[in-house]
Amino acid sequence: PYDPEEVWNYEMGFKMDGWEHKLRLNTAVFYTDYSERQLTTVRLNPETQRPQGSLINAESSYISGIEFEATVLPVENLQITANVTFNESDIEEYEDERITAASPGPEPEGCTRLEVPGTGQSLDSCPIDRSDEGLPRLPDSVYFLAVQYTFETEMGTVVPMLSWSYRSNLDNCFDSSSCISGLYKVDQENITARLTWNSPDMNWRVSAFGNNITDERYVEGGTPLVDVTETAGTIYNQPRTYGLEAAYTW
């Protein structure tokens with residue numbers, strides 16, 4: 001069982017249009033205060049006594065940061081969009097259990113030793129304070145830049161678009177050792193290109209696209225059961241991909 005999250009969010013910012021409505025700038029400073037933040041950890045299934053991923057509440061945590069968003073139209077039909085976000089976070093109270101393979105000898109003080117049925121193996125479940133860790137799946141910073149141009153023709157509009165995104169120090173860990181080790185903390189970069197044709201009546205849309213065109217590879221998830229198995233299963237992002245989309249609206 002786990003409790004619902006309770007969140008207070010405070011935000012202050014401003015929105016500005018200028019340069020004859022060719023420039024839009026939005027800025028916000030925010031502070032998000034969590035009670036019972038839901039995080040992923042490892043628990044023993046009460047029926048099988050086997051470890052599995054589970055939700056748990058971190059009693060107190062927060063996220064603060066600042067975000068900038070800008071859209072500019074320097075010349076007719078050309079649009080440039082840029083976003084920048086900086087995050088800071090802290091877990092102030094987070095009590096968990098660390099589940100490890102039992103070592104020879106008596107169980108550690110304050111821990112509970114359990115037998116895994118049908119395996120002949122034992123596990124130690126020990127209380128642990130994880131309040132010194134950062135919040136997983138929250139990047140320290142996010143950058144985004146996109147440029148697109150609209151060509152207007154008798155056969156419809158053609159819109160080429162190029163975008164770049166970058167997220168720093170994004171951690172996809174969830175048990176204690178995987179979070180401390182940094183095995184799942186990565187920087188993620190992606191460059192995407194898209195060419196879209198819209199019919200004159202806007203009913204048809206055909207797009208050719210390429211994702212991750214620089215073929216960057218990084219860990220984006222996996223099975224971070226480092227405490228229990230002393231191994232780290234990893235899943236990587238998709239490599240360079242291409243595709244074609246067609247849509248009709250009526």
Side-chain angles (χ1 to χ4, degrees), residues 5 7 28 30-32 34 37-43 51-58 60-70 81-92 94 96-100 128-147 161-194 209-243:
E5 294 182 340
V7 184
F30 58 88
Y31 180 86
T32 305
Y34 283 91
R37 175 71 182 266
Q38 294 171 2
L39 298 176
T40 310
T41 187
V42 178
R43 279 287 187 266
Q52 65 180 42
S54 179
L55 286 178
I56 187 178
N57 295 107
S60 176
S61 62
Y62 74 84
I63 301 172
S64 62
I66 185 169
E67 180 179 15
F68 303 93
E69 180 183 80
T81 303
N83 295 339
V84 179
T85 303
F86 299 101
N87 296 309
E88 180 182 347
S89 66
D90 185 38
I91 300 179
E92 298 170 307
Y94 184 20
D96 195 7
E97 296 177 18
R98 186 180 186 188
I99 302 173
T100 60
I128 183 174
D129 181 2
R130 300 182 62 183
S131 59
D132 57 344
E133 298 178 17
L135 279 173
R137 294 172 289 280
L138 178 74
D140 289 347
S141 56
V142 179
Y143 305 90
F144 176 80
L145 179 65
V147 181
M161 188 271 288
L162 183 68
S163 66
W164 168 80
S165 63
Y166 185 86
R167 296 187 291 178
S168 68
N169 290 331
L170 180 65
D171 202 337
N172 285 299
C173 65
F174 61 76
D175 74 359
S176 178
S177 289
S178 66
C179 290
I180 294 173
S181 68
L183 290 169
Y184 294 87
K185 180 178 286 189
V186 297
D187 298 335
Q188 298 182 347
E189 183 176 24
N190 186 32
I191 298 177
T192 298
R194 179 177 288 267
F209 64 88
N211 292 329
N212 190 19
I213 59 178
T214 56
D215 202 27
E216 297 289 331
R217 306 310 305 273
Y218 48 80
V219 174
E220 66 173 8
T223 309
L225 300 175
V226 181
D227 279 332
V228 179
T229 65
E230 298 184 356
T231 59
T234 55
I235 297 176
Y236 281 77
N237 66 312
Q238 288 190 348
R240 183 188 298 116
T241 57
Y242 301 97

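Across all their heavy atoms, R37 and S61 have their closest contact at CB-OG, 3.5 Å. Nearest heavy atoms, T40 versus Y94: O-OH, 4.3 Å. In plain terms, the two heavy atoms of A82 and L145 that are nearest each other are CB-CD1, 4.0 Å. Here the closest non-hydrogen pair linking P224 and F174 is CD-CE2, 3.1 Å. When all heavy atoms of I63 and S89 are compared, the pair lying nearest together is CG1-CB, 4.1 Å. Nearest approach of R240 to T214, heavy atoms of both residues: NH2-C, 4.0 Å.
Distance check, rounded to the nearest 0.5 Å: CG of N237 to CD of E216 gives 8.5 Å. To the nearest 0.5 angstrom, K185 atom NZ is 9.5 Å from S168 atom OG. Note that CG of L138 and CD of E88 are 10.5 Å apart. Values are rounded to the nearest 0.5 Å. The line from SG of C179 to CD1 of I91 is 8.0 Å long, rounded to the nearest 0.5 Å. Annotation: the span from D175 atom CG to I180 atom CD1 amounts to 9.0 Å, rounded to 0.5 Å. In this structure, CG on N190 lies 9.5 Å from CZ on R167, to the nearest 0.5 angstrom.
Counted by atom type alone, N87 and T85 present zero donor-acceptor pairs between their side chains at under 3.5 Å. Side-chain contact annotation: S177 with D227, donor-acceptor N/O pair under 3.5 Å present. Between the side chains of Y166 and D187, at least one donor N or O sits under 3.5 Å from an acceptor N or O.
Residues passing the side chain to side chain donor-acceptor pair (under 3.5 Å) test with N169 are D140, sequence neighbours excluded. Partners of S163 according to the side chain to side chain donor-acceptor pair (under 3.5 Å) rule, which considers only residues two or more places apart in sequence or in another chain, do not exist here. Annotation: ring pair (Phe, Tyr, Trp, His ring centres under 6.0 Å) contacts of Y31 (sequence neighbours excluded): Y62.
The shortest distance between side-chain heavy atoms of T32 and V7 falls below 4.5 Å. At a threshold of 4.5 Å between non-hydrogen side-chain atoms, the residues Y34 and L135 do not count as touching. Under the 4.5 Å side-chain criterion, counting only non-hydrogen atoms from C-beta, V142 is not in contact with V84. When side chains are defined from C-beta on, D171 does not count as touching E133, because their heavy atoms never get closer than 4.5 Å. Two residues are said to be in side-chain contact when any heavy atoms from C-beta on lie closer than 4.5 Å; R137 and N172 meet this criterion. Here the side chains of R130 and T41 are in contact, with some heavy-atom distance below 4.5 Å. Looking only at side-chain heavy atoms (C-beta outward), V42 and D96 stay at 4.5 Å or farther from each other.
Within 6.0 Å of CD on E5 lie more than 12 heavy atoms contributed by other residues, nucleotides or ligands. Residue-environment remark: OH (Y236) stays at or below the threshold of 12 foreign heavy atoms within 6.0 Å.
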Derivation of the side-chain contact (heavy atoms from CB on, under 4.5 Å) call for N212 and T241 | CA-CA 7 Å; N212 190 19; T241 57; 5.8 Å; no
